[in-house]
Amino acid sequence: MPELPEVEVLVRHLAPLLRNKTVRNVQVRRVKVLAPTSSRKFARTLRGARFVGLSRRGKYLVFEFRAQNQTRTQILVGHLGMTGRMYLLPAAARLPRHAAVVLGLGREKFIFEDTRYFGRLTLDASVLARLGPEPLAREFTAACFARALSRSTQPIKIKLLDQSLVAGVGNIYASEALFRARLAPTLPACRLSNDQVDRLRRAIREVLREAIDCGSTVPLNYSGAGKSGRLFYFGRAPGSPDFYEERLRVYGRAGQPCVNCGSPIKDMLQAARRTFYCSCCQRPRGARTGRKSGVKSV
DNA sequence: CACCATGTTCCTTG
DNA sequence: CCAAGGAACATGGT
């Protein structure tokens with residue numbers, strides 16, 4: 001469920017369901033996902049705790065709770081990794097195969113399920129301090145973005161995945177944002193002009209904002225929504241509008257016509273991650289038609 | 001069997 | 001100390 005918009009939608013969905021619920025019992029089925037918190041400390045801290053709030057930072061979920069007999073609140077940090085999911089089930093329901101942590105809440109139970117166990121649910125909040133600005137907040141300014149980019153010669157696509165640069169962009173929305181900004185994924189980060197930096201900044205915000213809006217209109221019931229991890233990137237939930245599956249303009253569309261110019265979308269590998277782009281709209285020298293200056297002769 | 005997948009961290013090298 | 005590159009983590013789908 002992994003990038004910022006999916007986490008945001010999940011947080012909005014989960015927040016009212018958890019508010020004021022008390023943890024009656026704690027079941028840890030994969031100690032690994034708690035790291036570096038020990039199983040004992042995790043269970044001891046959460047048993048009897050009451051949820052008071054849930055928010056998001058980058059791709060992380062931040063659960064605020066009040067431990068039993070304590071006045072101050074504490075924080076539980078969640079991350080979905082590649083395949084993680086979090087949801088409530090009736091207390092009597094059978095556990096899914098890869099349930100990593102189960103929190104009994106009375107008549108319901110909170111499930112953290114993760115097929116690959118790359119995700120986290122931990123009392124260690126230190127990761128949050130290393131995150132860059134929230135892309136949808138005021139703090140994500142052109143100036144700070146430009147400064148961060150200027151220090152790197154890496155291709156811009158790879159830089160966008162750096163969570164200390166800006167928090168929450170993942171592999172899918174990195175391709176989407178670059179397409180929207182009409183920037184070549186291979187462009188060295190430090191070579192972007194001020195204008196390009198600002199275009200990219202706006203593109204990131206638009207792409208994430210639209211994805212949140214889109215995901216917010218879809219019921220998060222996890223029941224019928226098909227394959228591919230049941231993420232709202234792919235496919236669509238029954239009854240949801242058609243634009244839902246047309247949301248992604250380049251990601252996963254290799255060979256299909258570009259929605260702008262019709263030339264086939266290409267894909268390549270960058271730092272072992274796939275990148276999708278339009279070689280016509282996202283030219284390294286800018287998206288203009290072929291002229292002498294832009295053509296390399298052999 | 002081989003390869004691919006929404007993510008992060010650790011290790012090494014320069 | 002920092003930037004960059006690559007492997008590792010674990011499982012399932014095609």
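The model shown is predicted, which means the values in this text are computed figures rather than measured ones. Throughout, protein chains are lettered first and strands after them, A, B, ... in sequence-line order, and every chain is numbered starting at 1.
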Rounded to whole Å, please give me the gap between [atom1] in [X] and [atom2] in [N].
X        : N     : atom1 : atom2 : answer
A:Arg147 : C:dA3 : CZ    : P     : 13 Å
A:Glu3   : B:dG7 : CD    : P     : 5 Å
A:Lys32  : C:dA8 : NZ    : P     : 14 Å
A:Arg120 : C:dC9 : CZ    : C1'   : 9 Å
A:Leu160 : B:dG7 : CG    : P     : 12 Å
A:Arg30  : C:dC9 : CZ    : P     : 13 Å
A:Asp162 : C:dG5 : CG    : P     : 13 Å
A:Asp267 : B:dC4 : CG    : P     : 11 Å

Starting the side chain at C-beta, find the nucleotide from C:dG12, C:dA10, B:dG7 nearest to A:His98.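 That would be C:dG12.
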State which of C:dT11, C:dG5, C:dA3 makes the closest approach to the side chain of A:Gln154.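 Of the candidates, C:dG5 comes closest.
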Is the shortest side-chain N/O distance from [X] to OP1 or OP2 of [N] below 4.0 Å?
X        : N     : answer
A:Thr153 : C:dA4 : yes
A:Ser152 : C:dA4 : yes
A:Arg116 : C:dC9 : no

If we ignore angles and hydrogens, is there a donor and acceptor under 3.5 Å between the side chains of A:Thr122 and A:Asp124?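 The criterion, which ignores hydrogens and geometry beyond distance, is not satisfied for A:Asp124 and A:Thr122.
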Pick from A:Phe112, A:Tyr117, A:Phe118: which one makes a ring-ring contact (aromatic ring centres under 6.0 Å, His included) with A:His98? A:Tyr117
Kindly assign one of parallel, tilted or perpendicular to the pair A:Phe65 and A:Phe51, based on the angle between their ring planes and the thresholds 30° and 60°.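 Answer is perpendicular, since the angle exceeds 60°.
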Do you know the tightest heavy-atom contact between A:Arg116 and A:Thr83? N-OG1, 3.1 Å
Should the heavy atoms of other residues, nucleotides or ligands under 6.0 Å from NZ of A:Lys21 be counted, would the total exceed 12? yes
Secondary structure string for DNA chain B (Watson-Crick or G-U under 3.5 angstrom, | for other-strand pairs): .||||.||||||||
Between B:dC11 and C:dA10 - P atom distance, rounded Å: 15 Å
So how far is it from A:Arg19 CZ to A:Leu54 CG, rounded to the nearest 0.5 Å?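 Going from the CZ atom of A:Arg19 to the CG atom of A:Leu54 covers 8.5 Å.
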Taking the side chain as everything from C-beta on, heavy atoms only, tell me whether A:Leu18 gets closer than 4.5 Å to A:Leu88. yes
Do A:Arg180 and A:Glu176 meet the salt-bridge criterion of a basic N to acidic O distance under 4.0 Å? no
Exactly one candidate in A:Arg56, A:Arg209, A:Lys59 meets side chain to side chain donor-acceptor pair (under 3.5 Å) with A:Glu8; the answer is A:Arg56
For A:Ala271 and A:Arg151, find the nucleotide of DNA chain C closest to each by heavy atoms; which residue's nucleotide sits nearer the 5' end?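 Final value for this comparison: A:Arg151.
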Do nucleotides 8-14 of chain B as a string where each nucleotide becomes B, S or -: B if the base has a protein heavy atom under 4.0 Å, S if just the sugar-phosphate does, - if no protein is that close. SS-----
Lys NZ or Arg CZ of A:Arg249 over A:Phe179 ring: under 6.0 Å, within 45°: no
